[in-house]
Amino acid sequence: MSMKVASWNVNSLKVRLPQVLEWLQEKSPDVLCLQETKLSDEKFPVAELAEAGYHALYHGQPTYNGVAILSRSVPEDGRCDWPDGSDGQARLCAGTFAGTRVVNVYVPNGQSLESDKYPYKLQWLERLRALIAKELQQWPRLLLVGDFNIAPDDRDVYDPVAWGEEVLCSPPERAALTALLNLGLQDSWRHQHGDLQEWSWWDYRAAGFRRNRGLRIDLILASNALMTKVQDVVIDRNARAAERPSDHAPVLIQLEEV
DNA sequence: ATGGCAAACGCAGTTTGA
């Protein structure tokens, strides 16, 4: 039995609900992880998604952040925030599907190296590393997916010279990502596609998409126990070309015999 | 060469994103 799991930063589910419903119908993923829903929980479109055949596990707040996991089946061991207490930002949720743990994250952006948000980002990533280490003990088959707000290396940046070591590309952020990978995870898209260069995010400004100036910051990290099951990993740039798009494209992984 | 958009909130313009 194969399984399709996707991740998509929708930049407001209120605005993007029609595109999400269309995408669910077109791709029929078993699991779709969303980031930046920007909806408080009472405004989450539970009924519309149920009508489309999807259960929703969601954790939001007004205006900022917000994550959700849409799924054909009801997750086991659903988690909507940190086990050791929230920091007031809705950036994490998780659920288990047929024994495969899916952890959905919206990693803080960091804004700039000088910002207070930058050390917050690094601390957040360290806290995530500790959580994932525990989760892997319980669920060796694990996917860590989401908007990481980190370009793993220079192959993931349209102009690495211009971006330099600024936020999203700085060595401490990349080291934090490497520390996550060192738990026994792999960047599944990179593993599948060698040195290929594709982007998952394009700036709304400066005709970023038309000129194909982007970054690959939306990732699906798969545990070693799952990597042998990976059939394909794709970034759906068609979604970015749609009417009134999110600035991120969905990433979709297909697993066999899960 | 530079800057260039979109969304939330709320009703003008600020803040945030990446």
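So you know, we letter chains A, B, ... as the sequences are listed, proteins then strands, and number each from 1. Values below: all heavy atoms of this structure, side chains included; hydrogens, waters and symmetry mates excluded. These numbers were taken from a predicted model, which means no experiment stands behind them.
Taking a cutoff of 4.0 Å between a charged side-chain nitrogen and a carboxylate oxygen, Asp156(A) and Arg190(A) qualify as a salt bridge. Between Arg216(A) and Asp187(A) there is a salt bridge, with a side-chain nitrogen of the basic residue lying less than 4.0 Å from a carboxylate oxygen of the acidic one.
dT2(B) and dT14(B): their C1' atoms are spaced 23 Å apart (whole Å).
No donor-acceptor contact under 3.5 angstrom links the side chains of Asp147(A) and Gln35(A), judged on distance only.
If you take NZ of Lys14(A) and C1' of dG10(B), they are 11 Å apart, rounded to a whole angstrom.
Listed for the Arg237(A) side chain is no donor-acceptor partner under 3.5 Å among the backbone atoms of Ser200(A).
Paired regions of DNA chain B, where each region holds three or more successive Watson-Crick or G-U pairs whose two hydrogen-bonding distances fall under 3.5 Å, are B:5-9 with B:13-17.
Within the nucleic acid shown, Arg211(A) comes within 4.0 Å of at least one base atom, counting heavy atoms only.
Of the inter-residue distances, the one linking Gln138(A) atom CD with Thr96(A) atom OG1 reads 7.5 Å to the nearest 0.5 angstrom.
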Summarise how protein sits on nucleotides 11-18 of chain B as a single string, 5' to 3': B when a protein heavy atom is under 4.0 Å from the base, S for sugar-phosphate-only contact, - for no contact.
-----SBB
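Counting only heavy atoms from C-beta outward, the side chains of Leu143(A) and Leu221(A) never approach each other to under 4.5 Å.
Using a 4.0 Å cut-off, some side-chain N or O of Ser12(A) falls inside it from OP1 or OP2 of dA8(B). A sub-4.0 Å separation between OP1 or OP2 of dC9(B) and a side-chain N or O of Thr63(A) is present.
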